[in-house]
Amino acid sequence: MNFSAVITTLPLSSQHLRVYCYVVHDQSVSISGARAHTHREKEHTQRKKEREIFCFMDIHSLLWFRKGLRLHDNPALHKACEGAKYVYPVFVLDPWFLAPDLSAPSPGSSRVGVNRIRFLLQSLKDLDHGLQARGSRLLLLKGDPTSIIPELLKKWNIRRLCFEFDTEPYAQARDNKVKEAALKLGVGVFSPISHTIFDPQETIRKNGGTPPLTYQSFCKLIGKAPVPIGDAPSSIPLPEDFNGAKLVDLPSLNDLGYNNLEQEEYTPFPGGESEALTRLEQSLKDKNWVVEFEKPKGDPTAFIKPATTVLSPYLKFGCLSARLFYTRLKEIYSQSKTYTKPPVSLEGQLLWREFFYTASYGTPNFDRMTGNPICKQIPWKDDDHLLDLWREGRTGFPWIDAAMVQLRKWGWMHHLARHAVACFLTRGDLFVYWEKGRDVFDRLLIDSDWAINNGNWMWLSASSFFYQYHRIYSPLTFGKKYDPQGKFVRHFLPVLKDMPSAYIYEPWTAPLEVQRKARCIIGRDYPKPVVDHSVASKQCMEMMKAAYALDKETEGQPSLEDIDALKKKLQGKQLQTKDATAAGQTKRKNEKESSSSSGRSTKQQRKMTDYK
DNA sequence: CGAGACGTTGCTACG
DNA sequence: GCGTAGCAACGTCTC
């Protein structure tokens with residue numbers, strides 16, 4: 001038989017899937033995304049055709065896990081099992097992500113902190129358990145998946161390769177390589193959308209080719225959410241022989257080379273689908289809490305019992321299906337007379353995730369300032385000293401530092417704490433590149449998610465989505481508002497545990513006598529503040545104003561010379577930040593610019609097409 | 001085209 | 001303790 005393959009789109013069990021399908025003798029079945037009724041018909045024909053093909057052979061499916069580390073609501077798994085003689089469930093451990101980097105500022109690889117590596121290992125273990133309960137197991141291999149997967153396709157005589165669609169550029173490059181190899185071998189590739197609720201490409205198409213950049217317009221575009229599919233088949237056929245493939249055991253952290261971990265406190269959130277489902281049930285148990293949830297009202301300093309669900313790491317790895325979460329929420333809302341609404345509600349939180357996935361999928365260079373059509377060009381400082389202080393929790397602002405220590409130890413912070421430290425590093429105080437802070441989050445957060453992380457850093461640095469740069473979080477009063485006693489600070493910064501509450505957020509203002517009594521001399525045991533916030537924040541606002549003006553003047557594409565000139569101009573106005581305790585006075589002058597204006601939307605459209 | 005409303009989560013002062 | 005006004009003032013969307 002002569003096979004060739006084409007890309008097409010067809011619905012499977014009402015889920016829209018992007019798949020590669022077999023076609024016989026180039027009889028491609030092309031299905032336009034517009035008409036659902038013809039979909040169904042053609043789906044039927046397609047399936048019939050497939051059955052005709054497959055009935056002549058024993059189907060071996062390879063189910064490639066990357067994210068989507070779950071058995072519930074997993075369309076790739078269902079597809080792999082469909083009529084298959086054998087299913088090979090594979091995960092490839094990529095040393096690029098896992099090998100210890102001793103030069104890194106905290107334990108972990110160069111890309112991933114040890115908390116997230118542990119979370120992944122736990123998730124894999126749980127996935128293996130789930131598969132074993134169905135007569136299968138997780139097959140682990142080590143190396144570069146783009147070479148390993150094609151080898152396995154040959155070795156195992158695979159006819160069908162299934163994996164969840166992934167929007168990240170890194171994943172796209174990886175998956176395209178594997179797809180290409182698979183198609184050359186005549187292997188059918190099925191890549192359903194199940195990491196997000198909605199199909200980002202579909203939303204972009206509905207919006208006319210570019211992603212919606214406001215939450216409201218995004219919400220208007222999305223239709224009804226697809227519902228989860230059922231649980232995994234109760235039996236998944238595992239072959240007895242692996243034809244010499246180099247399978248490895250699930251490594252421990254120790255095996256990976258993380259053997260001298262002397263950290264005194266680890267993340268309290270273990271990975272895995274079982275944990276995710278338990279956590280989901282616990283979160284949804286209190287129906288009043290669910291229907292009254294309003295994100296901005298949460299307490300970022302609550303750490304014994306966090307103010308949010310902390311389901312984000314489970315969504316990140318796909319231990320929990322976003323569709324399932326969404327459906328469960330809707331059920332609970334439907335039983336209540338009143339319930340909060342997006343953007344602040346729990347449903348709203350899931351939609352934010354969708355929003356950023358869509359924005360990131362349709363925006364070139366989404367993770368950079370330069371070459372990113374939606375990102376304001378701002379002359380951020382490239383100051384590694386300031387960056388180090390921030391990352392290490394040594395800025396001298398206890399609220400900021402405690403949050404950064406929580407990030408390092410737990411791999412998690414409350415959303416508002418993330419706001420506070422991100423604002424502080426960028427437009428609020430230190431004026432350091434948002435990409436630098438993004439990298440730190442990306443490595444350390446157990447829920448670190450490429451689309452959401454980059455989107456939020458642009459948001460917080462007022463580089464995109466959000467532009468009210470004069471609204472700056474105070475590193476002195478923001479934490480105090482929620483936790484006047486400073487319990488959060490005392491927990492994560494034990495050096496300050498005996499500092500009286502009156503000084504806990506501004507310990508440098510404590511009289512020396514008080515500092516002595518608290519056994520914490522500022523400048524010796526705990527750093528002096530790196531900037532005078534009242535001065536620094538005003539300078540930042542000025543810089544933002546000038547940068548916005550230049551951005552507008554140059555239609556979002558200032559030349560390097562423009563940026564340099566602006567930097568020079570601004571540097572003259574910056575005060576010394578070294579000894580901020582000796583509060584300097586500001587001298588400011590308002591230089592007015594004559595700026596030409598032009599429509600932003602058309603500009604963005606132009607820039608978008610420039611990069612295509 | 002221009003005006004006005006609005007935007008997930010700012011701050012301080014004041015009643 | 002909580003809600004509100006004033007602060008200064010961005011871009012986007014709608015009418």
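Below, read A as the first sequence line, B as the second, and so on, with proteins coming before strands; counting in each chain starts at 1.
- Note: CD1 (A:I374) to C1' (C:dC10) measures 16 Å, nearest angstrom.
- No side-chain donor from either of A:D447 and A:Y314 sits under 3.5 Å from a side-chain acceptor of the other.
- Across A:Y473, A:F397, A:W399, a single residue satisfies ring pair (Phe, Tyr, Trp, His ring centres under 6.0 Å) together with A:F424, and that is A:F397.
- The nearest whole Å value for the distance from the OH atom in A:Y469 to the P atom in C:dC7 is 18 Å.
- A:L213 places its CG atom 16 Å from the C1' atom of C:dC10, with the value rounded to the nearest Å.
- Annotation: B:dC6 and C:dA5 have their P atoms spaced 15 Å apart (nearest Å).
- One atom, CD of A:E553, and another, C1' of C:dG11, lie 18 Å apart when rounded to the nearest Å.
- No side-chain N or O of A:T267 forms a donor-acceptor pair with one of A:N115 less than 3.5 Å apart.
- Distance noted for atom P between B:dT8 and C:dC7: 25 Å (whole Å).
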Might you list the N or O atoms of the protein lying below 3.5 Å from N or O atoms in nucleotides 7-11 of chain B, with each pair's distance?
residue: B:dT8; atom: OP2; partner: A:Q216; partner atom: NE2; Å: 3.1
residue: B:dT8; atom: O2; partner: A:P343; partner atom: O; Å: 3.1
residue: B:dT8; atom: N3; partner: A:W352; partner atom: NE1; Å: 3.4
residue: B:dT8; atom: O4; partner: A:H415; partner atom: NE2; Å: 3.4
residue: B:dT9; atom: O2; partner: A:P296; partner atom: N; Å: 2.8
residue: B:dT9; atom: O4; partner: A:H415; partner atom: NE2; Å: 2.9
residue: B:dT9; atom: O4; partner: A:H419; partner atom: NE2; Å: 3.4
residue: B:dC11; atom: OP1; partner: A:S474; partner atom: N; Å: 2.8
residue: B:dC11; atom: OP2; partner: A:K481; partner atom: NZ; Å: 3.0

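- Between A:D401 and A:T395, the side chains place a donor N or O and an acceptor N or O closer than 3.5 Å (distance only, hydrogens not considered).
- One P atom belongs to B:dT9, the other to C:dG1, and the distance between them is 24 Å to the nearest Å.
- Taking a 6.0 Å sphere around NZ of A:K297, one finds it holds 12 or fewer heavy atoms contributed by other residues, nucleotides or ligands.
- Side-chain contact of A:S194 with A:E164: a donor-acceptor pair under 3.5 Å is present, judged by distance alone.
- We find that CD of A:E542 is positioned 14 Å from P of C:dC10, with the value rounded to whole Å.
- A donor and an acceptor atom, one from each side chain of A:Y361 and A:Q201, are located under 3.5 Å apart.
- B:dT12 atom C1' lies 13 Å from atom CG of A:L476, rounded to whole Å.
- Side-chain contact annotation: A:Y357 with A:D449, donor-acceptor N/O pair under 3.5 Å present.
- With respect to the salt-bridge test (charged N to carboxylate O, under 4.0 angstrom), the residues A:K436 and A:D384 qualify.
- Annotated stems with DNA chain B as a participant read B:2-7 with C:10-15, B:10-15 with C:2-7, given as range with range, by first number; only runs of 3 or more Watson-Crick or G-U pairs under 3.5 Å qualify.
- For the pair A:N207 CG and C:dT12 C1', the computed distance is 13 Å after rounding to whole Å.
- Comparing B:dG7 with C:dA8, their P atoms sit 23 Å apart, to the nearest whole Å.
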